[in-house]
Protein chains: 2
Amino acid sequence: MTIQYAILGFLSREPLTGYDLKKLFSESVTLYWSGNNNQIYRALVDLHQASLVTRVTEHQESGPSRKVYTITTNGLAALRDWALTPPELPQLRNPFHVQLAWTAQLDDAELDAQLAAYEEEVRVKYLMVREQESRNTATPQRTARETLIWRNIAANWIAFYENELQWVRALRADLAAL
Amino acid sequence: MTIQYAILGFLSREPLTGYDLKKLFSESVTLYWSGNNNQIYRALVDLHQASLVTRVTEHQESGPSRKVYTITTNGLAALRDWALTPPELPQLRNPFHVQLAWTAQLDDAELDAQLAAYEEEVRVKYLMVREQESRNTATPQRTARETLIWRNIAANWIAFYENELQWVRALRADLAAL
DNA sequence: GTTGCCATGTAAGGTGTTACATGATTTA
DNA sequence: TAAATCATGTAACACCTTACATGGCAAC
């Protein structure tokens, strides 16, 4: 359900094609959709049927024709209504916790190897998020308020991975001390 | 796929029924399954077919008959193999970020009301997690190492919500200062 | 007497991912 | 000549949630 509003959000800045949206989603770390076609193209059909967007097909000489979607006033109203909807809690799922919880059969070295692998994964992701934020891709910059919000969303992700790194390092140290 | 291993993990401590597992999942904050019947009972059928668990039906005088599942040596081996599997990154999805990102149409008061509502939701959840951890439910306590791990998993969740609280409070202050 | 607990399961539907399918143009 | 990019879409499947269905017993 939410991906439709994420799409409406992007369209509230400028008209885009499905392909554009696909790239925006797959490049973004903060938006959690993988940018797969199935969801995006279906969502666009739904949004169009609900009159929240209009569609114009542009035939190009070189390359395939593109369908450009533009948000309608209905769409803007829907986006505003949704923005006033009660906030949901973040959903965190950490399969590694489940894995960790049941490592009774592993010896100390095997356990630490798993923790080291996790630490490395988190470190790489952390650097990726930081790097992407420093390049500052796709930030709206419409108002100072919006810029502040977008910077803080990115900061939230950075803090999350920092927290995760600290945690796994502390756990490894505690286990070594045991 | 992972819920099967989470079930195997619980069964590695003691034999349990589907109903027991359902309660364990729905009471646990760190395991992210809602504890719905559909997944659990289907997973148990699958595990049984794969010979990772055995099933014994106990007919009770008072109340319905219960099917008690016990892990097999195959099951223990499967759990061990899985514990050595490469760790996955945590998946965090925060619908509120998406909502926040597109609040350009809201005025300052409306925006802060949303942030306040989010802060309150996080605060309540945070207190719940802390409270549950202090009651220390369902901790295995088989070895010092396992106890340390379980305490740290809980600590990770507490830190996560603490981080989220700090973040939203800082953001509200920043926006107020703007 | 209605709610809650014990205990099993099924149905339906929403959400999300990977892979498949097509085909032209540009870049290495 | 192989690959990446532009641009659309479909198929299959995994995952997860809510609600439905049944029925006895205990507690308030």
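Because the structure is a prediction, the values reported are computed rather than measured. Proteins get letters first, then strands, A, B, ... in listed order; numbering begins at 1 in each.
Closest-nucleotide positions on DNA chain C for B/Q91 and B/D20 were compared, and the one nearer the 5' end corresponds to B/D20. In terms of position on DNA chain C, the residue among B/Y69 and A/G35 whose nearest nucleotide sits closer to the 5' end is B/Y69. Toward the 5' end of DNA chain D, the nearer of the two residues B/I3 and A/V68, judged by each one's closest nucleotide, is A/V68.
With rounding to whole Å, A/E58 atom CD is found 15 Å from D/dC6 atom P. When the P atom of C/dT17 is taken as reference, atom OH of A/Y32 falls 10 Å away, rounded to whole Å. Note: CH2 (A/W33) to C1' (C/dG14) measures 14 Å, nearest angstrom. We find that CZ of B/R42 is positioned 11 Å from P of D/dA14, with the value rounded to whole Å. The distance between atom CZ of B/R55 and atom C1' of C/dA7, rounded to the nearest whole Å, is 14 Å. Note: CD1 (A/I40) to C1' (C/dG16) measures 12 Å, nearest angstrom. Computed from coordinates, the B/F25 CZ to D/dC15 C1' distance equals 14 Å when rounded to whole Å. In this structure, NE2 of A/H59 is placed 18 Å from P of C/dG23, rounded to the nearest angstrom.
In terms of phosphate contacts, B/Q39 brings a side-chain nitrogen or oxygen within less than 4.0 Å of OP1 or OP2 of D/dT17. In this model, the phosphate group of D/dC16 is not approached by any side-chain N or O of B/S34 to a distance below 4.0 Å at OP1 or OP2. Residue A/T17 places at least one side-chain N or O under 4.0 Å from the OP1 or OP2 atom of D/dT8. Within the 4.0 Å cut-off from OP1 or OP2 of D/dC6, not a single side-chain nitrogen or oxygen of A/K22 is found. Using a 4.0 Å cut-off, no side-chain N or O of B/Y41 falls inside it from OP1 or OP2 of C/dG9. Applying the 4.0 Å criterion to OP1 and OP2 of C/dG16, one finds that B/R93 has a side-chain N or O inside that range.
Note on A/L31 and A/V29: same hydrophobic cluster, where clusters join Ile, Leu, Val, Met, Phe, Trp and Tyr whose side-chain heavy atoms are under 4.5 Å apart, directly or indirectly.
Just one of A/Y32, A/F10, A/Y19 meets the ring-ring contact (aromatic ring centres under 6.0 Å, His included) condition when paired with A/F25; it is A/F10.
Salt-bridge formation is not detected for the pair B/R130/B/E133: no Lys NZ or Arg NE/NH1/NH2 atom is positioned less than 4.0 Å from an Asp or Glu carboxylate oxygen. The pair B/R80-A/E110 counts as a salt bridge, with a side-chain nitrogen and a carboxylate oxygen less than 4.0 angstrom apart.
Side-chain to base pairing of A/N38 with D/dT10: no donor and acceptor N or O lie closer than 3.5 Å to each other. The base of D/dT8 is paired with the side chain of A/N37 by a donor and an acceptor separated by under 3.5 Å.
With A/D174 contributing its side chain and A/L171 its backbone, the two residues share no donor-acceptor pair below 3.5 Å.
Considering only the side chain of B/N36, D/dT18 comes nearest among D/dT18, C/dT8, C/dT18.
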